[in-house]
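Contents: one structure, followed by commentary.
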There are 2 protein chains.
Amino acid sequence: MIADVRGASVEETRSRILAATREIYALRGSRGTTTREVAARAHVNEATLFRHFGTKGHLLAAMLDHYNDTSSLNEVLDGLTGHATLEEQLRVLGIAAIESMRRKEDLIKIAMAEEIADPHAQVCVWRAPTAAKESLVKYFGQKIEARELRGDSAWLARIFMSLFFSYVMARRLWSGIDAPQDEAVEMMVNMFLDGARAN
Amino acid sequence: MIADVRGASVEETRSRILAATREIYALRGSRGTTTREVAARAHVNEATLFRHFGTKGHLLAAMLDHYNDTSSLNEVLDGLTGHATLEEQLRVLGIAAIESMRRKEDLIKIAMAEEIADPHAQVCVWRAPTAAKESLVKYFGQKIEARELRGDSAWLARIFMSLFFSYVMARRLWSGIDAPQDEAVEMMVNMFLDGARAN
DNA sequence: ACTTGATGCAAGTGACTACTTGCACACGCT
DNA sequence: AGCGTGTGCAAGTAGTCACTTGCATCAAGT
């Protein structure tokens, strides 16, 4: 029996359920995910799912918590001192932002769509971006103090992240131009630094 | 009887149903929307709803089609010659973009979430932005020819719209900074034109 | 006056959903 | 060896959902 996973550790079962939850949730949205389908995909009995998480709501919350990695950007920021120029640092940041968003694209989209329907999901999904935001604001603050950038650090961070947020979330709209990612990042960073005005 | 609207024209009934559909979809998401609730909000019998649209899926498609206004941006672009400076033109464009996106924020979110589930919804909702995109690319092309801007017109358009797309769609993330909209637009336009680099 | 068609209303159908229950099995720990 | 616990399995419950049906009513067109 493939489905019989007795003997697997409790944590393994749990994380298999959470992974399945994420997949189904991304496919069908919060209302569309059924505990049956999640259980099936996790190769777990539906009853086991409920024994672990009690209700579907708790399951979703647990999943969103579980896939809420807040760490990544800070590591990137720490490793940034190795890069000489400001351009280079921003490119690294941009690529990190794109990759992080892409990894959670599914969750972000669903969470945005269900903004009103499920406020708790909101909190969970936006927690990581919020932490990232704060680190970024601090980073830009330092760059302003060092007279490498000008303006308001919060707005710089907001605008900087806008570029990559849209790059990931609305790339469907721009299917005409599909430059390789590195090139795109370079273009966006250049725009961010120097603008588009001629001369 | 409030609910008895016999005598209203067929089109009126139809558009009342579509309006209700939009409201409920925005509130509950695609799976959370029930035909019962839509019918109730439209002050229409559920059977009438099905007599008009056949299935829930057709109803959604009809709603997305119905609220797909492609016109607005071109009018704005036409009225742009009255504004003297490039900055001013871009600000007007930015405000128009924000308002247009805000008006359809709910639809955009639905479409994004539905990306996988229902490809038809995609086509409907992205039709207007795609048209807008093309006009904008042309506009930026002219500005480049006139040596007011530099770069690739498609990318300029993409980056320019990124700013406002994120401004609307991710404003939840930036609840800390809530400058008045005009100020925000000014800031974004300035960034777009001159970048953030010091000196 | 008669027909036509859009609608209301009430009831219903079958499918699906979240969640439960009772029991058997199979591991790991002592 | 024995016990606890995590799991499978099958059946079930009460509710909800999309969608249908049959019939009565009302308004407009001819």
Side-chain angles (χ1 to χ4, degrees), chain A residues 1-64 110 114 117-118 120-121, chain B residues 1-25 27-64 66 110 114 117-118 120-121:
Chain A
M1 263 294 181
I2 295 172
D4 194 330
V5 285
R6 280 173 288 201
S9 81
V10 184
E11 283 78 21
E12 199 189 353
T13 304
R14 195 184 145 89
S15 75
R16 235 184 23 258
I17 295 176
L18 290 174
T21 304
R22 176 177 180 166
E23 290 172 46
I24 306 296
Y25 182 85
L27 273 176
R28 317 235 183 276
S30 82
R31 294 276 202 144
T33 68
T34 72
T35 50
R36 278 216 228 297
E37 194 175 3
V38 170
R41 163 136 352 189
H43 297 299
V44 147
N45 193 277
E46 199 184 356
T48 298
L49 185 156
F50 279 101
R51 287 180 190 122
H52 270 269
F53 297 99
T55 71
K56 186 187 168 187
H58 292 157
L59 173 63
L60 290 180
M63 183 275 283
L64 291 171
I110 297 290
E114 281 165 15
D118 184 356
H120 180 71
Chain B
M1 265 292 186
I2 294 173
D4 193 332
V5 286
R6 279 173 289 203
S9 81
V10 183
E11 283 78 22
E12 199 188 355
T13 302
R14 195 183 145 89
S15 74
R16 235 184 20 258
I17 294 176
L18 290 174
T21 303
R22 178 174 181 171
E23 291 172 44
I24 305 296
Y25 260 89
L27 271 175
R28 314 244 182 271
S30 80
R31 292 282 197 147
T33 298
T34 73
T35 50
R36 280 214 228 297
E37 194 176 1
V38 170
R41 162 135 351 189
H43 298 298
V44 147
N45 194 277
E46 200 184 355
T48 297
L49 185 156
F50 279 100
R51 285 179 191 125
H52 270 268
F53 298 99
T55 72
K56 190 186 168 187
H58 291 157
L59 174 63
L60 173 62
M63 184 272 282
L64 291 172
H66 187 252
I110 291 170
E114 211 87 339
D118 181 0
H120 178 70

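Basis for what follows: all heavy atoms, side chains included, without hydrogens, waters or symmetry-related copies. Each chain gets a letter, A, B and so on, in the order the sequences are listed, and its residues count up from 1.
- Taking OG1 from B:Thr13 and NE2 from B:His52, the interatomic distance works out to 5.5 Å, rounded to the nearest 0.5 Å.
- Within the 4.5 Å cutoff, the side chain of B:Lys56 has no heavy atoms near those of the B:Val38 side chain.
- Within the 4.5 Å cutoff, no side-chain heavy atoms of A:Leu59 are placed close to those of A:Tyr25.
- The CZ-C1' distance, from B:Arg16 to C:dA6, rounds to 12 Å in whole Å.
- The base of C:dG8 sits within donor-acceptor range of the side chain of B:Arg51, with an N or O pair under 3.5 Å.
- Shown here are the side chain to side chain contact (heavy atoms under 4.5 Å, CB included) partners of A:Arg36, two or more places apart in sequence or in another chain: A:Thr34, A:Glu46.
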Please tabulate the protein-to-nucleotide N/O contacts below 3.5 Å involving nucleotides 16-19 of chain D, giving atom names and distances.
{"residue": "D:dA18", "atom": "OP1", "partner": "B:Thr33", "partner atom": "O", "Å": "3.1"}
{"residue": "D:dA18", "atom": "OP1", "partner": "B:Lys56", "partner atom": "NZ", "Å": "3.2"}
{"residue": "D:dA18", "atom": "OP2", "partner": "B:Thr35", "partner atom": "N", "Å": "3.1"}
{"residue": "D:dA18", "atom": "OP2", "partner": "B:Thr35", "partner atom": "OG1", "Å": "3.1"}
{"residue": "D:dC19", "atom": "OP2", "partner": "B:Lys56", "partner atom": "N", "Å": "2.7"}

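- To the nearest 0.5 Å, atom CG of residue B:Leu60 and atom OG1 of residue B:Thr21 are 8.5 Å apart.
- Under the side chain to side chain contact (heavy atoms under 4.5 Å, CB included) criterion, B:Ala40 pairs with no residue, sequence neighbours left out.
- Closest contact between the side chain of B:Asn45 and the listed nucleotides C:dT7, C:dG8, C:dG22 involves C:dG8.
- Residue B:Leu49 contributes atom CG, which lies 14 Å from atom C1' of C:dG8 at whole-angstrom precision.
- Counting distance only, with no hydrogens placed and no angle test, the side-chain atoms of A:Arg14 and the base atoms of D:dG6 include no donor-acceptor pair under 3.5 Å.
- Atom CG of A:Leu59 is separated from atom P of C:dC19 by 10 Å (rounded to the nearest Å).
- Phosphate contact (OP1/OP2 of C:dT7, side-chain N/O of B:His52, threshold under 4.0 Å): present.
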